[in-house]
Amino acid sequence: MCDGRTPTPEELPACYEGSDWSGCTLQQFMDCPYNLANNRQVRMLADLSLVGCYNMSTVPEQRRSQLLLDSAKKNLRDMAFFGLTEYQRKTQFLFERTFRLRFIRPFMQYNSTRAAGVDLDNSTVQRIEELNELDMELYDYARDLFQQRYQYTRQQERRLQRLRSHNQNHNGQGSRVRGQGLGVGLWPSRPKQGPDLGEGEGDGEGEGEGESDGPEEEVRTEEAGGRLQTEDYINQIINRW
């Protein structure tokens, strides 16, 4: 559905005969120019009304692709939370901090999928990447944004832990001198808004297994298969949220 209606057969011709893809080869699947599997994530996140929904004649193809990609990125930024499959622990960390909820057990990290068991030659893989170029660019963007949000949240949590520790020490000294502690609010009095950007302090993954940020939260690392190379954001400077 887009703008209150489904696409016409002329706008979105069928890629196969019959009721489904049964008997269709991978090559036939890739050759269909109307295959909605291509760049599906961008299309699901973007505002299709910007390009006339499924009417391909309203906007030139290159302009259409850019509009959809920009729209998908904007809508992703506007989401309070999103996660990535290959970063289960970080996804859990951000979910819990965003919504102030705690899961009763940690998320499990599995680094293999059904797709990983399919043997494809390099030319086929390259063709799939070409067909999903927008999705791949969106994923790279989402991964960077996800890491920035994770780093920022960890940074804020460390600052809060330091402030708590400082206040505890200060209150203890005040009790000895004046017989009572000083009450200090930990949160700003202004309404909570979107996080301000600051310099990243690293994602905490490379700071030692089992290291603790404080009494409430221990550093979580990815499971099953070790760290992925995409976790190397320790020295990244956060320029945008």
Side-chain angles (χ1 to χ4, degrees), residues 73-111 141-241:
K73 289 180 177 180
K74 178 185 181 300
N75 289 334
L76 189 68
R77 289 194 306 271
D78 291 343
M79 291 182 179
F81 165 84
F82 68 90
L84 296 179
T85 302
E86 67 272 38
Y87 300 109
Q88 288 293 311
R89 293 300 186 86
K90 290 181 177 180
T91 293
Q92 179 178 358
F93 176 87
L94 281 177
F95 184 97
E96 292 178 338
R97 271 58 179 185
T98 300
F99 301 110
R100 299 190 178 185
L101 298 171
R102 290 298 179 107
F103 292 92
I104 61 175
R105 61 175 60 93
F107 286 11
M108 297 296 294
Q109 181 69 49
Y110 298 101
N111 290 332
Y141 179 85
R143 184 179 58 193
D144 288 343
L145 180 60
F146 177 84
Q147 294 287 4
Q148 290 174 23
R149 290 186 174 188
Y150 175 81
Q151 290 174 12
Y152 177 87
T153 306
R154 287 293 304 273
Q155 177 184 5
Q156 294 301 99
E157 193 160 279
R158 289 191 183 103
R159 287 175 177 173
L160 181 59
Q161 291 291 350
R162 289 195 294 267
L163 182 58
R164 284 173 174 165
S165 177
H166 172 77
N167 288 338
Q168 289 173 357
N169 293 336
H170 186 70
N171 289 344
Q173 293 174 358
S175 296
R176 289 192 296 271
V177 174
R178 293 180 294 274
Q180 61 181 7
L182 299 177
V184 180
L186 297 180
W187 298 103
S189 57
R190 59 186 174 86
K192 181 178 180 182
Q193 300 176 351
D196 298 326
L197 297 183
E199 292 187 355
E201 294 184 0
D203 62 9
E205 298 288 320
E207 298 177 5
E209 301 296 332
E211 177 187 350
S212 175
D213 277 346
E216 296 184 3
E217 178 61 29
E218 81 176 84
V219 174
R220 292 170 174 167
T221 58
E222 307 296 334
E223 291 183 345
R227 299 187 184 89
L228 304 178
Q229 291 182 354
T230 51
E231 301 252 15
D232 186 17
Y233 282 80
I234 294 177
N235 296 320
Q236 177 179 353
I237 302 299
I238 300 177
N239 295 318
R240 295 182 57 189
W241 176 261

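Keep in mind the model is a prediction, meaning the values are calculated, not measured.
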NZ (Lys90) and CZ (Phe107) are apart, to the nearest 0.5 Å, by 15.0 Å
Closest non-hydrogen atoms of Ala80 and Thr98, given as atom of the first, atom of the second and distance, are O-CG2, 3.7 Å
Can you tell me how far CZ of Arg158 sits from CZ of Arg154, rounded to the nearest 0.5 angstrom? 4.5 Å
Can you measure from CZ (Phe95) to CD (Gln92) and round to the nearest 0.5 angstrom? 9.5 Å
For Phe81 and Phe99, take the angle between the two ring planes, folded into 0 to 90°, and tell me which bin it lands in: parallel under 30, tilted 30 to 60, perpendicular over 60. perpendicular
Could you pull out the closest heavy-atom pair between Phe103 and Glu96, with the gap in Å? N-OE2, 3.0 Å
Between Arg97 and Glu157, what is the shortest heavy-atom contact and its length? NE-OE1, 2.9 Å
When you measure from the side chain of Ser165 to the backbone N and O of Gln161, does any donor-acceptor pair fall under 3.5 Å? no
How far apart are the C-alpha atoms of Thr85 and Tyr110, what are their side-chain angles, what is the distance that settles it, and do they pass the side-chain contact (heavy atoms from CB on, under 4.5 Å) test? CA-CA 9 Å; Thr85 302; Tyr110 298 101; over 6 Å; no
Closest approach of Met108 and Gln88, non-hydrogen atoms and distance? O-CG, 3.1 Å
Determine whether the side chains of Gln156 and Arg159 contain a donor N or O and an acceptor N or O closer than 3.5 Å. yes
Heavy-atom closest pair, residues Leu76 and Ala142: CD2-CB, 3.4 Å
